[in-house]
Amino acid sequence: MQRYFIHPDEFTDAVVTITGDDAHHLIRVMRAKPGDTCIVSDGVSREALVRIRSLEDRQVTADIVDRLPMENEAAVDVWIAQSLPKGDKMELVIQKGTEIGAVRFLPFVSERTVVQLDGKKEGKRLERWQKIAKEAAEQAHRNRVPAVESVLSWKELLRTASEADAAWICYEKQDAQQLRRAIREAIAKGNGRTGGSRVKLMLIVGPEGGFSEREVSEAEAAGCVAVGLGKRILRTETAAMVGLTCILYESGEMGGER
């Protein structure tokens, strides 16, 4: 069944309003008519099965039929910090990372990043990334749309890493078993806290040329732990997906031990 994310203000106790591109999709692409149903979420705390009451130009009004539980999210919050790759690889990281379960994407520039930033295009690029995350979240039946941040500098990224309960930098010279141990330790430590706040885990992935030894040292000095992702050298966009999947597996999302 089709799923849409709407602004919380458009979600009341009995009625929801779908506007903009989503309304256009329902009206022009899905050819919806009164009486049809779909799922609507505010991306925060409310999700419902709704029945369409009326369709107008770029606006659909629907009545709430049933409130649905929001239980499609992972037990931990995983942030993907991705050094800007060439071409459209960042779009792939956001799309597939959203499908797998990441909640936050932090693109950044590192020493070996080859992408040339264009300030004039920055806003449009960020808007496109956010749209890709929203569409992927709808397709994957996520309960929330991941946040996609503006591009950070290397120093800004290391400062942001301090906000996470644990941060790991992918480095090919490290043992992959260390990541498994680190994930389990971070989750166990986070689950033992009082207050019930979600465990926040950051995975930092380098560009096509990887990280320099200096960057790894700086990351470790900032509290990050260098980890490997196996014996083989992965493409940058592959590394993000493999690392994210490892984290979610070890958290129990895919059958691993909690």
Side-chain angles (χ1 to χ4, degrees), residues 1-80 91 93-106 126-149 190-191 195-201 241 244-245 247-249 251-255 258:
M1 183 174 292
Q2 194 67 37
R3 174 181 297 251
Y4 298 96
F5 287 96
I6 64 175
H7 192 278
D9 291 344
E10 298 175 329
F11 201 127
T12 69
D13 290 336
V15 179
V16 301
T17 304
I18 305 171
T19 59
D21 291 341
D22 289 333
H24 174 80
H25 183 266
L26 264 172
I27 297 169
R28 304 299 181 190
V29 179
M30 300 302 294
R31 303 293 183 182
K33 57 185 181 297
D36 288 349
T37 58
C38 62
I39 296 174
V40 173
S41 174
D42 68 359
V44 181
S45 62
R46 293 176 296 180
E47 189 162 293
L49 174 68
V50 301
R51 179 173 290 111
I52 295 173
R53 180 198 301 175
S54 63
L55 303 94
E56 302 173 16
D57 184 29
R58 299 186 74 82
Q59 178 171 311
V60 177
T61 302
D63 298 307
I64 293 176
V65 176
D66 189 23
R67 290 297 181 94
L68 303 176
M70 300 185 71
E71 52 190 17
N72 290 347
E73 294 299 305
V76 295
D77 287 351
V78 183
W79 306 348
I80 299 297
E91 296 181 6
V93 170
I94 292 171
Q95 182 188 62
K96 300 308 177 185
T98 297
E99 291 177 19
I100 296 169
V103 304
R104 189 181 185 189
F105 295 94
L106 301 120
L126 180 58
E127 183 179 341
R128 174 163 174 76
W129 288 344
Q130 292 170 335
K131 182 178 180 181
I132 289 171
K134 177 179 178 293
E135 291 176 348
E138 290 173 341
Q139 183 275 325
H141 282 210
R142 294 281 301 269
N143 299 130
R144 59 195 288 197
V145 179
V148 183
E149 310 290 344
N191 288 340
S197 59
R198 294 171 61 85
V199 179
K200 300 176 177 62
L201 308 174
M241 298 174 209
L244 171 59
T245 302
I247 294 171
L248 294 183
Y249 176 83
S251 73
E253 173 79 6
M254 301 171 183
R258 287 179 182 260

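Remember, it's a predicted structure, so these values are computed and weren't measured experimentally. Along the sequence shown, residues are numbered consecutively beginning with 1.
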Determine, stepwise, if the pair Glu91 / Trp129 fulfils side chain to side chain contact (heavy atoms under 4.5 Å, CB included). CA-CA 6 Å; Glu91 296 181 6; Trp129 288 344; 4.0 Å; yes
Run the numbers on Val199 and Ser251 for side chain to side chain contact (heavy atoms under 4.5 Å, CB included), then give the verdict. CA-CA 10 Å; Val199 179; Ser251 73; over 6 Å; no
Mind checking what makes salt bridge (Lys or Arg N to Asp or Glu O under 4.0 Å) contact with Lys134, not counting sequence neighbours?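 Lys134 satisfies salt bridge (Lys or Arg N to Asp or Glu O under 4.0 Å) with Asp22, Glu138 once adjacent residues are dropped.
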So which atom in [X] and which in [Y] form the shortest heavy-atom distance, rounded to 0.1 Å?
{"X": "Val93", "Y": "Phe105", "answer": "O-CE2, 3.6 Å"}
{"X": "Ser45", "Y": "Met70", "answer": "C-SD, 3.1 Å"}
{"X": "Ala102", "Y": "Pro146", "answer": "O-CG, 3.3 Å"}
{"X": "Gln59", "Y": "Ala23", "answer": "N-CB, 3.6 Å"}
{"X": "Trp79", "Y": "Val103", "answer": "CD1-CG2, 3.8 Å"}
{"X": "Asn72", "Y": "His141", "answer": "ND2-O, 2.7 Å"}

State, with a plain yes or no, whether a side-chain heavy atom of [X] is found less than 4.5 Å away from one of [Y].
{"X": "Pro8", "Y": "Arg46", "answer": "yes"}
{"X": "Leu126", "Y": "Gln130", "answer": "yes"}
{"X": "Gln2", "Y": "Thr37", "answer": "no"}
{"X": "Gln95", "Y": "Glu99", "answer": "yes"}
{"X": "Tyr4", "Y": "Leu26", "answer": "yes"}

Once rounded to the nearest 0.5 Å, what's the spacing between atom [atom1] of [X] and atom [atom2] of [Y]?
{"X": "Arg3", "Y": "Leu49", "atom1": "CZ", "atom2": "CG", "result": "10.5 Å"}
{"X": "Ile80", "Y": "Ile94", "atom1": "CD1", "atom2": "CD1", "result": "11.0 Å"}
{"X": "Asp57", "Y": "His24", "atom1": "CG", "atom2": "NE2", "result": "10.0 Å"}
{"X": "Leu68", "Y": "Glu47", "atom1": "CG", "atom2": "CD", "result": "5.5 Å"}
{"X": "Glu56", "Y": "Thr61", "atom1": "CD", "atom2": "OG1", "result": "6.0 Å"}
{"X": "Phe5", "Y": "Ile39", "atom1": "CZ", "atom2": "CD1", "result": "10.5 Å"}

For Arg67, does the CZ atom have more than 12 heavy-atom neighbours from other residues, nucleotides or ligands under 6.0 Å away?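 Atom CZ in Arg67 is packed in, count exceeds 12.
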Going through the checks in order, is the side chain to side chain contact (heavy atoms under 4.5 Å, CB included) test met by Met30 and Asp36? CA-CA 10 Å; Met30 300 302 294; Asp36 288 349; over 6 Å; no
Can you list the steps and then say if Lys200 with Val78 is a side chain to side chain contact (heavy atoms under 4.5 Å, CB included)? CA-CA 6 Å; Lys200 300 176 177 62; Val78 183; over 6 Å; no
Please confirm whether the backbone N or O of [Y] pairs with a side-chain atom of [X], one donor and one acceptor, at under 3.5 Å?
{"X": "Arg144", "Y": "Ser41", "value": "no"}
{"X": "Glu73", "Y": "Asn143", "value": "yes"}
{"X": "Arg142", "Y": "Thr98", "value": "yes"}

So, applying side-chain contact (heavy atoms from CB on, under 4.5 Å) with Val60, which one of Leu55, Thr19, Thr17 is it?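 Of all the options given, the one that passes is Leu55.
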If the test is side-chain contact (heavy atoms from CB on, under 4.5 Å), which one of Leu244, Asp77, Leu248, Ile247 qualifies with Leu201?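 Filter result, single survivor: Ile247.
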